[in-house]
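Contents: one structure, followed by commentary.
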Amino acid sequence: MNWTDERVELLKKLWSEGLSASQIAAELGGVTRNAVIGKVHRLGLSGRAKAAPAPAPRPRKPRPVTAVAAPARPMVAGNTVLAPVIRPVIEAEPEELPDPVANVIPMADRCTILDLTEFTCRWPVGEPGKGDFYYCGSRTKTGLPYCAYHARIAYQPVQDRRRDRRVAR
DNA sequence: CCCTGATTCGC
DNA sequence: GCGAATCAGG
């Protein structure tokens, strides 16, 4: 590709409009950004007036939404009042979430609210007051109120939980 | 590591 | 004159 009058005019126009050298190169086609910059200098139109405030502030990747603290309802187990469940703010990648099908809680682990300790997973299953309501009861992840499986679900952004449910159905 | 423009220098 | 390579910087 050679610098025809036409291409030079387009270069001048785009450069004055504040496009970056690489953008102009892509627009023209057949040249690299180095070629554009070189030409710009040879034409003596370096140092643009004002356009392009900052060198193309690129859009930032949207962060995964972080989980919000759950309502702090004290849990009672026998004489022991368990600390309210506070959900730490943790970022989780949706891809890392466990397979919902794998959520089979062994009968041996299931327990009522009375059986909960700081070492049993407090993930509720079913509706309170209904017949089949129980807690996961698996060994908790150290320092967390849930087992490894439910911790990952608990700290997943709400939007993603909703999406997963839709997909699973 | 993505990008920016500036400069150099062999062609 | 051209532009790849390189540099300095955001």
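All of these numbers come straight from a predicted model, not from anything done at the bench. Note that these values count all heavy atoms, side chains included, but never hydrogens, waters or copies made by symmetry.
When the P atom of B:dG5 is taken as reference, atom NE2 of A:H41 falls 9 Å away, rounded to whole Å. Atom-to-atom, CH2 of A:W15 to C1' of B:dG5 comes out at 6 Å; the value is rounded to the nearest Å. Straight-line distance from the CD atom of A:Q23 to the P atom of B:dT4: 7 Å, rounded to whole Å. Between the P atom of B:dC9 and the CZ atom of A:R42 lies a distance of 16 Å, rounded to the nearest Å. With rounding to whole Å, A:R33 atom CZ is found 7 Å from B:dG5 atom C1'. Between A:L19 atom CG and B:dC3 atom P the separation is 16 Å, expressed in whole Å. Rounded to an integer number of Å, the gap from CG of A:L43 to C1' of C:dC2 is 12 Å. If you take CG of A:L28 and P of C:dG3, they are 11 Å apart, rounded to a whole angstrom.
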Residues 5-14 of chain A, side-chain donor-acceptor partners within the protein, below 3.5 Å, at least two apart:
from: A:R7; atom 1: NE; to: A:N2; atom 2: O; distance (Å): 3.2
from: A:R7; atom 1: NH1; to: A:L28; atom 2: O; distance (Å): 3.4
from: A:R7; atom 1: NH2; to: A:G29; atom 2: O; distance (Å): 3.0
from: A:K13; atom 1: NZ; to: A:E17; atom 2: OE2; distance (Å): 3.1

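Between A:T32 and C:dG3 there is no side-chain polar atom (N or O) within less than 4.0 angstrom of OP1 or OP2. Using a 4.0 Å cut-off, some side-chain N or O of A:S22 falls inside it from OP1 or OP2 of B:dT4.
In the region residues 1-11 of chain A, proximity to DNA chain C at under 4.0 angstrom, judged on heavy atoms, holds for A:M1, A:W3.
Applying the side chain to side chain contact (heavy atoms under 4.5 Å, CB included) criterion to A:R42, with sequence neighbours excluded, gives A:K39.
Taking hydrophobic clusters as Ile, Leu, Val, Met, Phe, Trp and Tyr residues chained together by side-chain heavy-atom distances below 4.5 Å, A:V36 shares a cluster with A:L19. Transitive grouping of hydrophobic side chains (ILVMFWY, heavy atoms separated by less than 4.5 Å) brings A:W3 and A:L43 into a common cluster.
Minimum atom distance to the side chain of A:K39 is reached by C:dG1, of the listed C:dA5, B:dT7, C:dG1.
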Residues A:T140, A:R122; criterion side-chain contact (heavy atoms from CB on, under 4.5 Å); working and verdict
CA-CA 8 Å; A:T140 57; A:R122 278 95 97 183; 4.3 Å; yes
Test side-chain contact (heavy atoms from CB on, under 4.5 Å) on A:W15 and A:L45 and set out the steps.
CA-CA 9 Å; A:W15 184 259; A:L45 35 76; 3.8 Å; yes
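Looking only at distances, no side-chain donor or acceptor of A:W123 sits under 3.5 Å from a matching main-chain atom of A:C147.
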